[in-house]
Amino acid sequence: MDHTTGAATVATRYEEIADDLAARIAAGEFPARSTLPPYGTLASPLEYNASKATIEKALGLLEARGLVRAVKKSGLVVRAPGARRPIGNTIDRHPVRGYVFPSASSASEPWQAHGGQRVTRMEPPPHIADRLGLPEGTKTVRRRQVTSPAGEGPYQLSDDWVHPDLLQQIPQLGERDLGLSGIHDHIEQAGHGPLTWHRHTRARQPDSDEAQLLEIPRALWVLEMTYVAVSGQTGEPVAVTVRVVPADRAELVDTMQRARAARWPIPPMEPPSQPIAIG
């Protein structure tokens, strides 16, 4: 049975197929973690009666929407739906676990780890080295972990990059087990408190390792939030934390601030002598 209805042009055929498959996923015909039928089955007269190339484009569109992901030796697996979480600009603190960054809804929200902490000595990417003020070729420690709210699949990939000078001062930062608290608590206790953080956020596509660890398709965009921790003692960056989350499961929420010229109350506006553009 052809699941699409009405006339369709060659240019939009794969979009109609993608829309129909998305509707079937939403209706539960293909539940989370199930595998879609193979290309040949979807292309057959019993399904969409379409060419393999058209089916490939339709499935590629489903991947770009984040509905399915390719799993080696399994095929296209339907992603488990996840709620979109607001990410604000407040760093909280738990009395036992230490600092809690904005991906959590509150300091007390339970989170779980997916796999252990991975500690690797390596050269950081250029943009991380630049944030830390490191010369090209300098190696340091990267601490990597995948976490999520309790009961959910992988949500957040966190990489902590520690300045090599700090490793000499706090060797424990290069060890796998830091206890319950994170690196920022150890850094402050070593005399660098209070830390301040600067956040840089950008959207990009994940690399293959990130996509595999977060269980997302490579075509799905992610939000990369880079937190630069600045020492309260020296005023210099001491660590960089990079948190990567699927873009379809997050939204940034901020309270806007008024610049000096926009403070209330404001004087009556005078009519401009020439038309002006408003951004």
Side-chain angles (χ1 to χ4, degrees), residues 1-5 13-44 46-48 50 52 54-87 101-106 109-116 118 144-158 203-225 243-253:
M1 177 181 178
D2 187 343
H3 288 281
T4 58
T5 58
R13 174 68 167 164
Y14 75 94
E15 294 175 324
E16 289 196 354
I17 294 174
D19 288 343
D20 190 70
L21 283 170
R24 294 168 71 182
I25 290 173
E29 182 177 346
F30 304 118
R33 300 183 180 87
S34 68
T35 303
L36 291 184
Y39 283 59
T41 300
L42 292 175
S44 71
L46 294 177
E47 282 283 348
Y48 292 106
K52 182 180 178 182
T54 298
I55 296 298
E56 286 180 346
K57 293 181 71 175
L59 296 178
L61 190 54
L62 286 185
E63 283 194 85
R65 294 177 183 177
L67 296 177
V68 298
R69 66 186 183 96
V71 177
K72 192 174 182 179
K73 297 183 180 180
S74 294
L76 287 178
V77 176
V78 178
R79 284 181 70 207
R84 188 180 291 271
R85 300 175 63 84
I87 298 177
F101 281 73
S103 293
S105 61
S106 68
E109 181 183 34
W111 276 53
Q112 66 187 58
H114 297 265
R118 306 177 187 185
R144 166 167 283 191
Q145 189 165 38
V146 179
T147 58
S148 74
E152 295 187 16
Y155 171 81
Q156 178 175 262
L157 172 63
S158 297
R204 61 171 174 82
Q205 289 182 289
D207 62 32
S208 56
D209 287 341
E210 292 169 336
Q212 181 178 358
L213 290 170
L214 290 172
E215 298 182 2
I216 60 175
R218 285 288 305 273
L220 182 67
W221 285 60
V222 295
L223 287 180
E224 177 193 89
M225 294 164 286
R243 297 175 183 267
V244 177
V245 300
D248 68 338
R249 294 185 62 187
E251 62 178 2
L252 299 180
V253 179

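Of all heavy-atom pairs spanning Ala219 and Gln205, the tightest one is O-NE2, 3.5 Å. Summarising the geometry of Tyr14 relative to Thr54, their closest heavy-atom pair is CB-O, 3.5 Å, with the distance given to 0.1 Å. In terms of heavy atoms, Ile17 sits closest to Ala50 at CD1-CB, 4.0 Å. For Glu210 against Leu157, the heavy-atom pair with the smallest separation is CG-CD2, 3.5 Å. Across Leu223 and Ala203, no two heavy atoms sit closer than the pair CD2-CB, 4.3 Å. Nearest heavy atom pair, residue Ala22 against residue Leu67, reads CB-CD1, 3.6 Å.
With hydrogens and angles ignored, the 3.5 Å screen pairs no side-chain donor or acceptor of Arg144 with any backbone N or O of Ser158. The backbone N or O of Asp209 lies less than 3.5 Å from no partner atom in the side chain of Gln212, so there is not a single donor-acceptor pair. In this structure, the side chain of Gln112 engages the main chain of Gly151 through a donor-acceptor pair within 3.5 Å.
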**Message:** Quick one, Val78 with Leu36, criterion side chain to side chain contact (heavy atoms under 4.5 Å, CB included). Give me CA distance, side-chain angles, the key distance, then yes/no.
**Reply:** CA-CA 7 Å; Val78 178; Leu36 291 184; 4.1 Å; yes
**Item:** Residue pair Asp19, Arg65: steps toward the side chain to side chain contact (heavy atoms under 4.5 Å, CB included) verdict
**Value:** CA-CA 11 Å; Asp19 288 343; Arg65 294 177 183 177; 2.8 Å; yes
**Request:** For the pair Leu252 and Met225, evaluate side chain to side chain contact (heavy atoms under 4.5 Å, CB included) and give the outcome as yes or no after the intermediate values.
**Result:** CA-CA 10 Å; Leu252 299 180; Met225 294 164 286; 4.2 Å; yes
**Prompt:** Does the pair Tyr155 and Val245 meet the rule for a side chain to side chain contact (heavy atoms under 4.5 Å, CB included), with working shown?
**Reply:** CA-CA 6 Å; Tyr155 171 81; Val245 300; 3.7 Å; yes
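Side-chain contact between Asp248 and Ile216 is absent, with no heavy-atom pair separated by less than 4.5 Å. Leu21 places a side-chain heavy atom less than 4.5 Å from the side chain of Leu59. Looking at heavy atoms from C-beta onward, Ile87 lies out of side-chain contact with Arg243 at the 4.5 angstrom threshold. Side-chain atoms of Val77 and Glu215, non-hydrogen and from C-beta on, never get closer than 4.5 Å to each other. Glu152 has its side chain within reach of Arg249: a pair of non-hydrogen atoms, C-beta onward, lies under 4.5 Å apart. Side-chain contact between Arg85 and Ser103 is absent, with no heavy atoms from C-beta onward closer than 4.5 Å. Between Arg79 and Leu220 there is a side-chain heavy-atom pair separated by less than 4.5 Å. Residues Trp111 and Gln156 are in side-chain contact: their nearest non-hydrogen atoms beyond the backbone lie under 4.5 Å apart.
Shown here is Arg84, whose CZ atom has more than 12 heavy atoms of other residues, nucleotides or ligands within 6.0 Å. By the neighbour-count criterion of 12 heavy atoms within 6.0 Å, atom CZ of Arg118 is sparsely surrounded, having that number or fewer from other residues, nucleotides or ligands.
Atom CD of residue Glu29 and atom OG of residue Ser34 lie 9.5 Å apart, to the nearest 0.5 angstrom. Arg69 contributes atom CZ, which lies 10.5 Å from atom CG of Leu76 (distance to the nearest 0.5 angstrom).
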